[in-house]
There are 2 protein chains.
Amino acid sequence: MQQLDISSYLGKLQDYYAKEKVIPSITELSVLWNGKARSWTHQIVQRLKEEDFLENAPGSRLRPGPRFFERTVGHMVRAGMPQQAADVQPELLRIDDYLIENPSQTILFPVKGDSMIDAGILEGDMVIIERSNSPSIGQVVLAIVDNEFTLKVLARDKRGYYLEARNHGRSSDYPPIRPEQGLEIYGLYVGLIRKTRTSGHRLNFNR
Amino acid sequence: MQQLDISSYLGKLQDYYAKEKVIPSITELSVLWNGKARSWTHQIVQRLKEEDFLENAPGSRLRPGPRFFERTVGHMVRAGMPQQAADVQPELLRIDDYLIENPSQTILFPVKGDSMIDAGILEGDMVIIERSNSPSIGQVVLAIVDNEFTLKVLARDKRGYYLEARNHGRSSDYPPIRPEQGLEIYGLYVGLIRKTRTSGHRLNFNR
DNA sequence: TAGGATTGAGAACAATTGTTCTTATTGTAG
DNA sequence: CTACAATAAGAACAATTGTTCTCAATCCTA
């Protein structure tokens with residue numbers, strides 16, 4: 001019984017994808033794989049799909065499957081020796097992927113002030129805000145108060161909704177906000193990114 | 001003179017791509033864009049290509065262009081209504097470019113524990129680590145202690161270098177670490193990403 | 001109100017698409 | 001050697017592809 005060496009086909013496809021960021025058509029795959037017939041190429045693709053290296057995308061095209069980005073791992077825990085991780089360069093766009101689910105509804109806001117420091121949100125961070133009208137109690141929201149954006153926790157008591165800071169050390173500086181004419185919520189806090197580097201314009205980690 | 005509102009088309013395409021990871025064909029784009037004619041869809045695509053939101057991939061297919069992953073940045077303080085942000089030219093930035101300067105030297109690590117909570121680093125965050133041999137006192141570093149990675153502040157006193165936690169509330173749980181045979185520094189903490197959302201897939205930057 | 005650009009519909013084109021079928025070649029197990 | 005599965009080629013299919021053309025509706029400005 002022979003065994004089709006799928007990995008060599010996969011390897012060429014991975015290299016192609018790394019360069020072009022697109023899975024080619026069957027016809028082009030035939031060429032990429034040294035000019036096999038399209039019917040045969042089609043079969044190999046089927047196997048790659050069975051093994052989750054490829055999957056179907058809408059419109060009968062292909063896209064990378066769950067295992068497509070697996071690299072021959074060797075061993076993750078190699079007696080704690082980490083330098084092997086250096087030869088792997090992560091697929092950078094996946095960070096964006098990871099953080100942002102609805103691009104058209106998502107906006108980044110630079111954080112000013114330390115009112116949310118106890119939620120791990122520091123001045124200079126970029127919070128990721130997704131537009132939404134349906135926040136829940138206890139969620140961090142970006143609200144509009146006095147024509148300014150403010151990032152606070154949405155809370156509620158018998159008097160109604162209000163906004164709460166998260167700064168235990170200086171809580172007196174951030175009293176709850178109770179707008180008279182209703183609360184305007186711009187969006188939900190769904191993540192943040194922080195860059196601590198270069199030009200060191202923010203170094204006070206100790207409060 | 002009318003103006004085609006390209007951004008609404010782009011938004012829908014970006015949302016589609018975020019979900020499907022594939023740029024659809026012209027025919028499917030027509031449907032996605034509310035059933036325009038293919039010829040007209042074709043023209044819009046041309047404009048998106050001119051503005052570097054899309055580009056040609058081999059085999060007459062499309063792929064995201066350089067600007068496709070730009071995210072808009074808002075401003076905390078804005079005079080006027082934020083709903084219609086059209087009055088100000090939106091600032092754009094690519095998260096990956098922003099965070100990562102040396103891809104080949106950069107690795108993400110998931111944070112475990114709360115020892116760095118006072119530095120705004122929470123459990124579940126992903127810290128961005130850049131390999132380096134030259135840390136400075138006071139910097140957050142990823143060190144190797146007892147064959148495990150640990151994220152701490154590099155400190156020094158008359159007895160030598162040591163590692164310090166940043167958890168004021170439970171500092172007794174995190175005494176300074178003074179390895180006997182020298183300190184092994186894996187890299188520097190240069191940023192972090194956090195995703196606070198219940199749904200969604202997990203990011204595995206497998207190597 | 002008239003003119004012109006923008007936005008869109010619809011038809012038509014060759015080319016390419018994914019798929020399935022049949023047939024030929026190869027390698028290896030028994 | 002025989003038999004059989006794996007590997008490959010080639011033909012054929014309807015469907016979809018990107019593109020270009022003409023023509024109609026809509027909007028803005030002068």
Side-chain angles (χ1 to χ4, degrees), chain A residues 1-17 19-68 104, chain B residues 1-17 19-68 84 86-87 89-90:
Chain A
M1 186 174 71
Q2 293 185 59
Q3 176 103 340
L4 177 59
D5 182 21
I6 261 196
S7 65
S8 78
Y9 293 96
L10 177 61
K12 284 180 184 170
L13 177 53
Q14 284 171 329
D15 290 346
Y16 181 95
Y17 187 87
K19 200 180 303 174
E20 303 292 353
K21 301 285 190 297
V22 155
I23 301 288
S25 69
I26 297 281
T27 310
E28 287 167 327
L29 267 179
S30 302
V31 177
L32 182 67
W33 288 341
N34 293 329
K36 314 294 184 183
R38 287 202 302 156
S39 56
W40 181 237
T41 301
H42 181 253
Q43 272 200 60
I44 299 177
V45 167
Q46 295 307 317
R47 298 200 206 181
L48 289 175
K49 283 199 276 189
E50 279 170 16
E51 304 212 21
D52 287 331
F53 291 115
L54 290 175
E55 60 186 26
N56 283 110
S60 84
R61 33 187 80 191
L62 297 169
R63 70 174 156 216
R67 297 180 58 197
F68 189 84
S104 69
Chain B
M1 187 175 71
Q2 294 184 63
Q3 176 97 344
L4 178 60
D5 182 20
I6 261 195
S7 66
S8 79
Y9 293 97
L10 178 61
K12 284 180 184 169
L13 178 53
Q14 284 170 328
D15 289 348
Y16 180 96
Y17 187 88
K19 202 178 302 172
E20 302 292 355
K21 307 288 187 294
V22 156
I23 301 286
S25 69
I26 297 281
T27 309
E28 288 168 326
L29 267 178
S30 302
V31 178
L32 183 67
W33 289 340
N34 293 329
K36 313 294 184 182
R38 286 202 299 153
S39 56
W40 181 237
T41 302
H42 182 253
Q43 272 198 58
I44 299 176
V45 167
Q46 295 306 317
R47 297 200 210 184
L48 288 175
K49 283 199 275 189
E50 280 170 16
E51 305 211 22
D52 287 332
F53 291 115
L54 291 175
E55 60 186 27
N56 283 110
S60 84
R61 23 190 88 188
L62 297 169
R63 71 176 155 213
R67 297 182 57 198
F68 191 84
Q84 305 138 6
D87 51 350
Q89 182 85 345

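Below, chains carry the letters A, B, ... as their sequence lines are ordered, and counting in each starts from 1.
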Problem - Atom pair distance, as rounded to whole Å: NE2 in B:His42 and C1' in C:dA12 - result: 15 Å

Handout entry: Short side-chain N/O contact to D:dA8 OP1/OP2 from A:Tyr9, under 4.0 Å
Key = yes

Handout entry: From CD1 (A:Ile23) to CZ (B:Arg61), nearest 0.5 Å
Key = 9.0 Å

Practice task
Determine to 10° how strongly the helix from C:dT1-D:dA30 to C:dG30-D:dC1 is bent, judged from the axes of its five-pair ends.
Solution key: 30°

Handout entry: Separation of C:dG8 P from B:Ile44 CD1 (nearest whole Å)
Key = 6 Å

Completion exercise
The ring-ring contact (aromatic ring centres under 6.0 Å, His included) partner of B:Phe68 among B:Tyr17, B:Tyr16, B:Phe53 is B:Tyr17

Completion exercise
Separation between CG (B:Leu48) and CZ (B:Arg67), nearest 0.5 Å, reads 10.5 Å

Problem - Nearest-nucleotide comparison on DNA chain C, the residue closer to the 5′ end among B:Lys36 and A:Lys49 - result: B:Lys36

Exercise for the section: Report yes if some heavy atom in the side chain of B:Arg38 is under 4.5 Å from a heavy atom in the side chain of B:Ser25; otherwise report no. Expected result: no

Could you list all N or O pairs between the protein and nucleotides 21-23 of chain D that sit under 3.5 Å apart?
none

Exercise for the section: Quickly work out the A:Trp33 CH2 to D:dA9 P distance and round it to whole Å. Expected result: 13 Å

Practice task
Return yes when atom NZ of B:Lys19 has more than 12 non-hydrogen atoms of other residues, nucleotides or ligands closer than 6.0 Å, and no otherwise.
Solution key: no

Kindly give the atom pairs (protein nitrogen or oxygen, nucleotide nitrogen or oxygen) under 3.5 Å for nucleotides 13-17 of chain C.
from	atom 1	to	atom 2	distance (Å)
C:dT17	OP1	A:Ser25	OG	2.5
C:dT17	OP2	A:Thr27	OG1	2.5

Problem - For the student: nearest non-hydrogen atoms of B:Pro66 and B:Glu55, plus distance - result: CD-OE1, 3.6 Å

Completion exercise
d(B:Lys21 NZ, A:Arg63 CZ) to nearest 0.5 Å is 7.5 Å

Exercise for the section: Look at the side-chain N and O atoms of B:Arg47 and state whether any lies under 4.0 Å from the OP1 or OP2 oxygen of C:dT6. Expected result: no

Practice task
Using whole Å, report how far CD of A:Gln43 lies from P of C:dT19.
Solution key: 12 Å

Exercise for the section: In whole angstrom, give the distance that lies between atom CG of A:Asn34 and atom P of D:dT7. Expected result: 15 Å

Fill in the blank from the handout: Taken to the nearest 0.5 Å, the spacing of B:Lys12 NZ from B:Asn34 CG works out to 3.5 Å

Exercise for the section: Drop me the distance from A:His42's NE2 to A:Gln46's CD, to the nearest 0.5 angstrom. Expected result: 4.0 Å

Problem - Nearest-nucleotide pick for A:Ala37, side chain only, options being D:dG10, C:dG8, C:dG18 - result: D:dG10

Handout entry: B:Trp40, nearest nucleotide to its side chain (from D:dA8, C:dG8, D:dT19)
Key = C:dG8

Practice task
Indicate yes or no for a side-chain donor-acceptor contact from B:Glu28 to the backbone of A:Gly59 under 3.5 Å, with no hydrogens or angles considered.
Solution key: yes

Handout entry: CG-CG distance between B:Leu32 and B:Leu13, expressed to the nearest 0.5 angstrom
Key = 7.0 Å

Practice task
Measure from CD on B:Gln46 to P on C:dT7 and round the result to the nearest Å.
Solution key: 15 Å

